[in-house]
Novice: 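Here it is: the structure, laid out below.
First the proteins, then the strands, lettered A, B, ... as listed; each starts at 1.
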2 protein chains.
Amino acid sequence: MAVNDILARVGDKWSVRVVLALTDGSQRFNQLRRDIPGVSQRMLTRTLRGLERDGLVSRTVTPSVPPRVDYALTALGRSLCDPVARLGNWAIENIGKVEAARAVFDGEQD
Amino acid sequence: MAVNDILARVGDKWSVRVVLALTDGSQRFNQLRRDIPGVSQRMLTRTLRGLERDGLVSRTVTPSVPPRVDYALTALGRSLCDPVARLGNWAIENIGKVEAARAVFDGEQD
DNA sequence: CGGTATCCCCGCCGATACTG
DNA sequence: CAGTATCGGCGGGGATACCG
């Protein structure tokens, strides 16, 4: 199903991080890289390309030395912020319960 | 980050499908399998185990012939329905825009 | 019916090196 | 600074076969 396809992008962990990182305004490539711990250059590039392809993020090149590229959420991307933030908030609020459940489940395995 | 870990589960496409399929009430294994097009037995089993481990889904075995196993959302799982549904609704509402953006982006590649 | 076990392919992803 | 290119490991995920 096609919706699955969208959820795959939207549910992707790096995509979520990028969208959240761009919520407060546009960012340059290496700034995003610093803002998102653990992301490799390759994955950040790929994630940004995917988001750009899906019309969620815009890419603005300023030809200068050194070159400057700014990424920002499009209107469509901003409309995604709220649902993503809700999911993120759910995760933050319930991480304790989930980890407790995992500990119980893993402990039950004799 | 641990929240990433939760989002990985929550954003997983099969997990999303299972949660949505269980929103209306408990389901048996093969019923879920029919409700979720494209899922293999292996992946359904794995997804359900993961959700059970995270305390989102409960598994109830009725020893009979033939055996019967019912899956249902826990309270924690139900609390996840709303955020997930919002994300799903966003996907449904905006799939047209995303696909249009993809067509433009792919067409631009000379 | 509701699984588990095995095989195997493929795409994700990090690491590293190179480019404009 | 902002990428692309390439390699290699690892895990996702389908196909198939078998079990209680």
Novice: Earliest and latest nucleotide of DNA chain D, 5' to 3', sitting under 4.0 Å from a non-hydrogen atom of chain A?
Specialist: dC1(D) to dT6(D)
Novice: Which residue pairs pass the side-chain hydrogen bond (donor to acceptor under 3.5 Å, both in side chains) test when at least one of the two sits in residues 35-45 of chain A, sequence neighbours left out?
Specialist: Q31(A)-D35(A)
Novice: Taking atom CG of L32(A) and atom CG of L22(A), what is their separation to the nearest 0.5 Å?
Specialist: 5.0 Å
Novice: Between the side chain of T23(A) and the main-chain N/O of V19(A), is any donor-acceptor distance below 3.5 Å?
Specialist: yes
Novice: Would you say Y71(A) and V18(A) make side-chain contact, with heavy atoms under 4.5 Å?
Specialist: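 The answer is no, as the side chains (C-beta and beyond) never meet within the 4.5 Å cut-off.
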Novice: Want to settle it: does R34(B) or T45(B) sit nearer the 5' end of DNA chain C, counting the closest nucleotide to each?
Specialist: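 The residue whose closest nucleotide sits nearer the 5' end is R34(B).
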Novice: So how far is it from R86(B) CZ to R86(A) CZ, rounded to the nearest 0.5 Å?
Specialist: 4.0 Å
Novice: Minimum heavy-atom separation for M43(B) and W14(B), please, with both atom names.
Specialist: CE-CD1, 3.9 Å
Novice: Can you tell me how far CG of L73(B) sits from OG of S79(B), rounded to the nearest 0.5 angstrom?
Specialist: 9.5 Å
Novice: Return the minimal non-hydrogen interatomic distance between D70(A) and S26(A), and the atom names on each side.
Specialist: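 Scanning both residues completely, I find the closest heavy atoms to be OD1-OG, 4.2 Å.
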Novice: Is the side chain of D54(A) donor-acceptor paired with the backbone N or O of L56(A) at a distance under 3.5 Å, no angle test?
Specialist: no
Novice: Donor-acceptor pair, distance only, cut-off 3.5 Å: does the side chain of S58(B) make one with the backbone of T74(B)?
Specialist: no
Novice: To the nearest Å, give me how far apart CG (L32(B)) and P (dG2(C)) are.
Specialist: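 It works out to 9 Å between those atoms.
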Novice: With a 4.0 Å heavy-atom cut-off, tell me which residues in residues 56-70 of chain A come close to DNA chain C, sorted by residue number.
Specialist: P67(A)
Novice: How many angstroms lie between atom CD1 of I36(B) and atom CD of Q27(B), to the nearest 0.5 angstrom?
Specialist: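 Going from the CD1 atom of I36(B) to the CD atom of Q27(B) covers 9.0 Å.
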Novice: Let me confirm one number: the CZ-NZ distance from R102(B) to K97(B), rounded to the nearest 0.5 Å.
Specialist: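 Nearest 0.5 Å value for the CZ-NZ distance: 15.0 Å.
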Novice: Find the distance N30(B):CG to dG3(C):C1' and express it as a whole number of Å.
Specialist: 10 Å
Novice: Could you check how far CG of L44(A) sits from P of dA15(C), rounded to whole Å?
Specialist: 14 Å
Novice: Let me test you: for the helix from dC1(C)-dG20(D) to dG20(C)-dC1(D), what is the angle between the axes at its two ends (five pairs each), rounded to 10 degrees?
Specialist: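 Axis angle across the helix from dC1(C)-dG20(D) to dG20(C)-dC1(D), nearest 10°: 50°.
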Novice: Using atom names, set out every protein N or O paired with an N or O of nucleotides 7-14 of chain C below 3.5 Å, distance rounded to 0.1 Å.
Specialist:
| residue | atom | partner | partner atom | Å |
| --- | --- | --- | --- | --- |
| dC12(C) | OP2 | R46(A) | NH2 | 3.3 |
| dC13(C) | N4 | R42(A) | NH2 | 3.2 |
| dG14(C) | OP2 | S40(A) | OG | 2.9 |
| dG14(C) | O6 | R42(A) | NH1 | 3.4 |

Novice: Once salt bridge (Lys or Arg N to Asp or Glu O under 4.0 Å) is applied, do any residues pair with R33(B), and if so which ones, sequence neighbours excluded?
Specialist: none
Novice: Between R49(B) and dG3(C), is there a side-chain N or O to OP1/OP2 distance below 4.0 Å?
Specialist: yes
